[in-house]
Amino acid sequence: MALPKDKDKKKMRASDELELLKLILDENKELKKKVLKFIQKSLGKTTSITAKNKKGMKPY
């Protein structure tokens, strides 16, 4: 019975951490731009790797 309680705590903690991150980024516009740029760049890399995998190529 301890497992469901632990899962709920993790979900709540993740939600709280995301809210805190949002507050921080809303206060610091330059940091927000850098974080968004980093995320977009990271997603682009992930997408290109996924596309190559779909074409039948091995990732490495």
statement: The single option from L31, L25, D26 that satisfies side-chain contact (heavy atoms from CB on, under 4.5 Å) with N28 is L31

query: Would V35 and L43 show up in the same hydrophobic cluster when neighbours are defined by side-chain heavy atoms closer than 4.5 Å?
result: yes

N-O pairing of K33 and E30 below 4.0 Å: yes

- prompt: For atom CD of E27, is the number of surrounding heavy atoms from other residues, nucleotides or ligands below 6.0 Å larger than 12?
  reply: no

query: Do you reckon I24 sits in the same ILVMFWY cluster as I39, going by side-chain contacts under 4.5 Å, direct or chained?
result: yes

